[in-house]
There are 2 protein chains.
Amino acid sequence: MAVMQREYGRRTLLREIRRAGRVPRIELADLTGISRATVTTITAEFLMDGLVEEVARDEGEPDSRRGRPRVDLKIRGAAHLVAGVKISHHKLSLVLLDFEGEQLAAEECDLPAPVNAPEVLAKAIRDAVTHLATVAGRRADEVSGVGIGIAGIVEANDGFVHWSPSLSARNVEFGALLTRTLGVPCFIDNDANLVAVAEHAFGLGREHSDFLVVTIESGVGLGMVIGGALYRGTRGCGAEFGHTKVQLNGALCRCGQRGCLEAYVADYALLREATLVSGQDATADPAKRVETLLDAARAGDATARSIVERAGQIFAMGLANLVNIFDPELIILAGEQMQFDHLYSDAVIEAMRKSIVQVDKAPPEVVVHKWGDLMWARGAAAYALDKVSELALERLGENAA
Amino acid sequence: MAVMQREYGRRTLLREIRRAGRVPRIELADLTGISRATVTTITAEFLMDGLVEEVARDEGEPDSRRGRPRVDLKIRGAAHLVAGVKISHHKLSLVLLDFEGEQLAAEECDLPAPVNAPEVLAKAIRDAVTHLATVAGRRADEVSGVGIGIAGIVEANDGFVHWSPSLSARNVEFGALLTRTLGVPCFIDNDANLVAVAEHAFGLGREHSDFLVVTIESGVGLGMVIGGALYRGTRGCGAEFGHTKVQLNGALCRCGQRGCLEAYVADYALLREATLVSGQDATADPAKRVETLLDAARAGDATARSIVERAGQIFAMGLANLVNIFDPELIILAGEQMQFDHLYSDAVIEAMRKSIVQVDKAPPEVVVHKWGDLMWARGAAAYALDKVSELALERLGENAA
DNA sequence: CATTTTAATTTGAAAGTCAAATTAAATAAG
DNA sequence: CTTATTTAATTTGACTTTCAAATTAAAATG
């Protein structure tokens, strides 16, 4: 039990150092409530183990305080190497981060097919990670952990994939398979969850302990951070925000049910109605067709506007429901493509504000976070970072004992 | 920090004893992972302080084990007295519990009006609690804490009521006012939250750490237990499930917005349409009129059935949305009146199951818990019990130091 | 009545935290 | 240039807490 106490201290301090970036010991003591003596002891352990390092202070403000100057601590990037992999339709996106979260390399590579057998996909990931490491001048076996984000229903704690649009089989022990194939600890989770992890670790959620992240790709995803931790539901599965119902007996969704949010806002939902808009070429690429539709709407085409505006209204309604249920302090709309600008518009956010219960208190902050192409992969890497940190702390505990 | 550790042990053990009812020390050690030595130390403290007492084992199974027999510990009912108060339209419902949760008295009393000034309501509660204590042969100043459940938007941590249908003023420091008026610590929260607390403490949620409680009264309420604790949102406010939107530009709700769940399933929503059903007497009592409507539906009246069935469908849709977002292991539908049987029917639960994302795993368990009339008041009392336990443990910590 | 078995308590060592004292490293003052 | 002052970090020693092991307690069994 005494060891539990030390573990708490270690966990808290490492997390705080990571969040702060660079921070002197005395501030760590103030921030965490742990005494200076203990902060010294624990950080000495970290230094000895190479997890953190001391750096000279280089503040813009010349500090000008007299007395012994503070010495900043920061995560030591060289301590570990992690990779993040996002599995999408036809490709893999990958990033390689050091232990500090600095990006060392990024890559994309094609997949043989949109749906693959688990073994095939695992091998593709192994090869891609090996190549990624090579590009950065490292060896694959230097990687301490790999995070993998995949669409579908995933039980993150056991690495079990109930179902995924990227896998040809159901109910796969994909985490174990990956760990075996890559020879490196692999951590798998629903992709939207991982974006939430990334926002918490690197992004706009750094200062918050309770917030929601809504992602739009071809589907609509939701990640929830509650009480400083990702909430995965009781079975470790992610939230299925895209399939919450917004209309009784509504539009048909690709999940086979009716009235899902996704059936109104996803690209395929827009295109279903777009055949009625002039200038549409049904044989063109879907992304291209959506672009044409949005252009028509902006140009004032009544039919196109009707389609796009309804999608916005429905999306606002879905967001408002989340606010009414969670009362979060922050909602992050994370996306990359201009394609979804119509859902991130001020009009939509305003409509959402009008649909939440009115009280004499500020409505939740809504921010749009346009990540680059590699948002999803960075999310996966952030998860790996988290897990690798845990493992490192465990090892520290065992060595000390 | 060392004191934090002891506090953790105390908290854990008292909670475990409360949950178990009666339990021997050795089992407490196994259950909590705390060593037998420490369990002895801490429970000795509890015994000394009178929070807990030893009782002879009286199992039906004659145990038949040789060796020194186990001695059960249980919460000592006489240690504290708490009251729970539920504020409804025209009345107050109250219960008096001992520290073990045993009900010593219960009462209802009328309120001068459905909406009252905060001071008036506080005095009414003071008088009612005093009377309740008298009925049980106790004095009001023997009560260690009073929990109060009120409809509306409440910031439980500060006892701040943003808005309530029972109060004539907004933004009232009602918790502080009550504590001042009663001369006893008062704890206020949204009523649906308190039902969740009660389910967690006494009810069907005792074995679960993550579940949802949906309550139906004149509105629809939601309480969420996440990670073993009530989740109140970031501002301490309860979830507003009743005002989640189920239809774009839908039916008008009493909150002034359109398409709220409540606007389809609440009694006033049913009655709004019931004027078209034969046999309705618009001047009758609302509860009576709802009864007439449901009778007509059961008797096969097409219009009445249409009204009632749609309410059920919409309710099922709302429940399905909760499941899709939370993936809970359990949903408790808590209610008292036969009036809502049509929402608790197997058909509704079946419709909900069809509207959730299908995976190869069991859907959440849905149970209906029909409490007696005093469900709400007991919820409030359970909250008070929780808070009084906390205060008792704090006192213990200070005395030891 | 001694033996065995199991529960609860006591004991003494080990681990951990922290306030206070000390040391370290800088600036300011004389 | 030296000394005083100030602030950060470390060390020290007292105190708390936990826990394994030893001991004691209380029963059934032979």
Spacing between A:Arg11 atom CZ and C:dG16 atom P, to the nearest angstrom: 15 Å

field: Value rounded to 0.5 Å, distance of CD1 in A:Ile75 from CD in A:Glu53
entry: 9.5 Å

field: Separation of atom CD1 in A:Ile34 from atom C1' in C:dC18, rounded to whole Å
entry: 12 Å

field: Whole-Å gap separating C1' (C:dG16) and CD (B:Gln5)
entry: 8 Å

query: Would you say the side-chain atoms of B:Thr179 pair up with the backbone N or O of B:Cys186, donor to acceptor, closer than 3.5 Å?
result: yes

message: Between C1' on D:dT18 and CZ on B:Arg10, what's the gap in Å once rounded to a whole number?
response: 14 Å

task: Would you name the heavy atoms of A:Arg232 and A:Asn157 that are closest together and state the gap between them?
output: NH1-OD1, 4.3 Å

- prompt: Once you round to the nearest 0.5 Å, how far does CD of A:Glu155 lie from CG of A:Asp189?
  reply: 10.5 Å

task: Can you measure from CD (B:Glu7) to CG (B:Leu393) and round to the nearest 0.5 angstrom?
output: 8.0 Å

- request: Round to the nearest Å and state the distance from B:Glu45 atom CD to D:dT16 atom P.
  value: 13 Å

- prompt: Listed by chain and number, what are the side chain to side chain donor-acceptor pair (under 3.5 Å) partners of B:His369, not counting sequence neighbours?
  reply: B:Glu199, B:Trp371

- line: In B/S/- notation (B base, S sugar-phosphate only, - none; protein heavy atoms under 4.0 Å), nucleotides 6-13 of chain D written 5' to 3' is BBBSBB--

- line: A:Leu13 atom CG is separated from C:dG16 atom P, nearest whole Å, by 14 Å

